[in-house]
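Quick note: residue numbers are just sequence positions, from 1.
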Amino acid sequence: MTSATYPFTAVVGMADMRLGLLLNAVSPAIGGVLVRGEKGTAKSTMVRGIASLLPTIETVPGCRFSCDPVAPDPGCPDGPHEPGAGATRPSRLVELPVGASEDRLVGALDIERALADGVKSFEPGLLADAHRGILYVDEVNLLHDHLIDLLLDAAAMGSSYVEREGVSVRHAARFLLVGTMNPEEGELRPQLLDRFGLTVEVAASREPDERVEVVRRRLAYEEDPAGFAARWAEDEAELRARIAAARALLPSVVLGDGALRQIAAVCAAFEVDGMRADIVTARTATALAAWAGRTEVTTEDVRQAALLALPHRRRRNPFDAPGLDEDKLDEILDAYQPEPEGQAPEDGEGEADGDDTDPDGPDGPDGPGGGRSPDDGPPQDGGGQGSGAEQPAEQPSLPEQRADDAARPEAPEADPHQAPAAGEGGEGQGVDARGAAPERPAVAAGEPFAARVLNVPGLGEGAAGRRSRARTAHGRTTGSRRPHGVLGKLHLSATVRAAAPHQRARGRTGAGLLLRRDDLREAVREGREGNLVLFVVDASGSMAARQRMSAVKGAVLSLLLDAYQRRDKVGLVTFRGRGAELALPPTSSVDAAAARLERLPTGGRTPLAAGLLSAREVLRVERLRDPSRRPLLVVVTDGRATGGGQPVAQATRAARLLAADGVASVVVDCESGMVRLGLAARLAGELRGPAVTLDELRADSVTALVHGARAARDGGPARPRQGERTTTEHGPRHRGARPGRRTDITERVA
C-alpha cells in the first residue's frame, strides 16, 4: 500500500510559491521557478503536490521519450512514429539528486550493448524522463556547475543534445523546472539565476495560530494519509480543473501593445541584463490573465509578473538581497498606462486602464493580484508572502554610508617611524593594562572590483569548482589509465584499443568484443577545483583609519565575490587587541562572510602571531574534515606586529609553521603613506608567498598574481607555463624590505 501524496491545497500559507508553481503549470514556457527559503518550509512538499494536479498526457506506446501521438517529435531517437492511438499516463515528477552524474542527467551510450553486441544504442537520462512533466532539483545550489549548465540549457531550448562517445542524439525535453535551495548553504551565480523564469522567497510563518494549523494538518496526514487526502480531494479536483481551463484559455489571451510597453519600461528602469526578463515577464503576465479567466492582460497582471520575474535578475552583485522597489514599480506602470482601445475613455465601461484591480473579475482579492494565493480561500499571512522586495529599502546604500562616514572625523594613522612598543598606545587610543581597547564603529566597505585570480599551485583532486587546476570527474579528457579499484568514467576508445590486439587469440567469432578486466581503461580528466580560501584580516588600531579600512574591506569583499563565483569555501579569522577570533568557520555561504566583514570593528594592538596560529588551527581541522580540498591563505595586514613579549619574532615563527605545512599563501599589503616599512613583504617571505598591494589585486592592473606563491615557496623564480610570461620587479618594493629581494609575479597572457 502506497502512501498518498500530501495534498497541494492542504499546505498552509506559501502564497507566492503557490502562485509561481501554478503559473508554470498553466504555461511551462515561463521557464520554471526557483524557491529560496529556510529549511523546513514545505518546499519539497508543495513541489510533489503540484505534480498530482497536472493533467494526464497521451504518449506514443513504447516511446522512451514521451512523444505526443498527435504531434510526435520528428527527430525522436525511437521514431519515426506512425499516427495512432496513444497511451494515457499521469505527468511525471522526476527528481534530480545532488550527486547525479552527467550520464544520468542527459543519457549516454549503452556501453553494455556496444561492447557485447556491437550495437550503438542510446540510453536516455532524466531529461528524457521529465519531458512533458516536472523536473525537480532539491538543493539546486549544491549541484555541480556543469550539471546546472546542461539542465538550464535544456530547459531554455526545450530539447537536449548529446554529443559524446560516438553518439549524436537530440530529443525533446520540455518540462516544468522547479529548484529549491537554502541560501545559507551557498548562492547560485547570477548567470544561473537568470535562467529560472520566476523566483519566490519562502519563510515559515511567525504567527502562532498559523503554525498550530500547520502542525495539526501534518499530524493528521501522518496518522491517516489516505483519509487526509480524501478530505481534500474535492479541493484538489477543483484546482486541477482550473489549471486545465487556464491552459485551454492561454492561446486566446491578448497581450496588447500597451502592456508590452509597460513591460519594456519596467525592465529598462530596473536595469535588468538582456532580454530574457522582458520575455519571461510577458509570458507570466499572459499566464496570470489566463489563470484569472480573462483574455486580455491588465496592468495588475504586469505588476504581479514583474514582482515574480525581476527581483532575482536585477541583482548587481551576489551580496545584494534580491528584491524590487514596489513604489518605483507603481510609478513606472502609472507613467505607461495603456490607452483604452475600442471605446471612448468617458464611457467608463469595460476594463479601465488605470485600475490595478478588477473587483468583479476572478483576480480579485483572493486571486493572483498582489502576490496572494490564486486559491479561493482567504489570503494567508506569514510564510511565502512577499518576495523580499522591501529588503533593499531597509538598508542604507553604500554611497549613503560612505557619505555618513565622511562626515565623521577620521582617526590619524600611527606614526610609521615609531617603535612597536611606543605605537601601541597610538593604535589603541586608550589601551588599558590588559591590552583592551574601545572598539571603533565598523566602517562600510569600499566599492568591490573585479579581482585577479589567485590560484593554489600544483594539481589537486578536490571538489569541482572554478579556481585551481585539478583532476576531476568532469572536465577535458587528458588521457587514460588503468582503474584503481572501482572503475570510474570509462575511456571507451582506450579500452577498445587495449582489447583489439587480443581478439583472435581469445577466439572471437561474432560481432561482440571480447573483454577482460585488464583491458578496461578509465578517463583521466582535468578541470578546476574549489578551494578553501581562509581570510586572516588585521582589525587592529593601525588599520583603523576610515578611508584605509574601507579600502581594505572593499578589497576583501572583491576577493569574496571572486570566491563566490569560483565555488570556494571561505572562512574569516580576525585579530585585534589581545588575540584572534574565528569570525566565520569555513562555509559555502559567502554571503555570511560578507555580512561578518561589514560588521567588523577595529582598534587595539596587532597580535599578528595569534592570527596566523588561529588560521593554522582552522586549516588543521579542515584538513581532517576534507583532506582533498586545498587551502589558500589570504593575509590582509600592514605587517606591524605589536603586543607583549617579542611580537615580531612570534609572528615570524608562526609564518614559518604555516610554510612548513605547505599552505599556499598570499599577503595583501595594506600599508599606505609616503614612508613604508615593508613589513608585509617580509611576512610574505616567511610564508613563502607573494606580497601584493591593494592596487595589484585589480584585474585591470599591469601585473597579475597567479603563480607567485610557487616561486616564493620554492625559493626561486617561477617558470612560466605556455601562454604566460614572468614579470620581475627589481629592487625592494618598500623601504625596509630585504636588500636585493625580487618579487616575482606571473601574468597570464590572453
Could you list the residues that satisfy side-chain contact (heavy atoms from CB on, under 4.5 Å) with A29, not counting sequence neighbours?
S27, R283
According to side-chain contact (heavy atoms from CB on, under 4.5 Å), who are the partners of P90, at least two apart in sequence or on a separate chain?
none
What are the two closest non-hydrogen atoms of D78 and G62, and how far apart are they?
OD2-O, 4.1 Å
Taking all atoms of both residues into account, what is the closest heavy-atom pair of V106 and F122, and its distance?
O-CZ, 3.4 Å
Residues 48-73 vs ring pair (Phe, Tyr, Trp, His ring centres under 6.0 Å), sequence neighbours excluded, gives F65-H171
Checking D278 now: which residues fulfil salt bridge (Lys or Arg N to Asp or Glu O under 4.0 Å) with it, not counting sequence neighbours?
none
Go through the steps to decide whether Y161 and D153 satisfy the test side-chain contact (heavy atoms from CB on, under 4.5 Å), and finish with yes or no.
CA-CA 10 Å; Y161 291 88; D153 282 344; over 6 Å; no
Please determine whether a side-chain nitrogen of the Lys or Arg among D73 and R170 lies less than 4.0 Å from a carboxylate oxygen of the Asp or Glu.
yes
Okay, side chain of N24, backbone of L176: is any donor-acceptor separation there less than 3.5 Å?
no
Salt bridge (charged side-chain N to carboxylate O under 4.0 Å, His left out) pairs touching residues 46-61, sequence neighbours excluded, are R48-E95
List in chain and number order the residues that pass side-chain hydrogen bond (donor to acceptor under 3.5 Å, both in side chains) with T286, two or more places apart in sequence or in another chain; answer none if no residue qualifies.
none
Give a yes or no on this: more than 12 heavy atoms of other residues, nucleotides or ligands lie within 6.0 Å of atom CZ of R261.
no
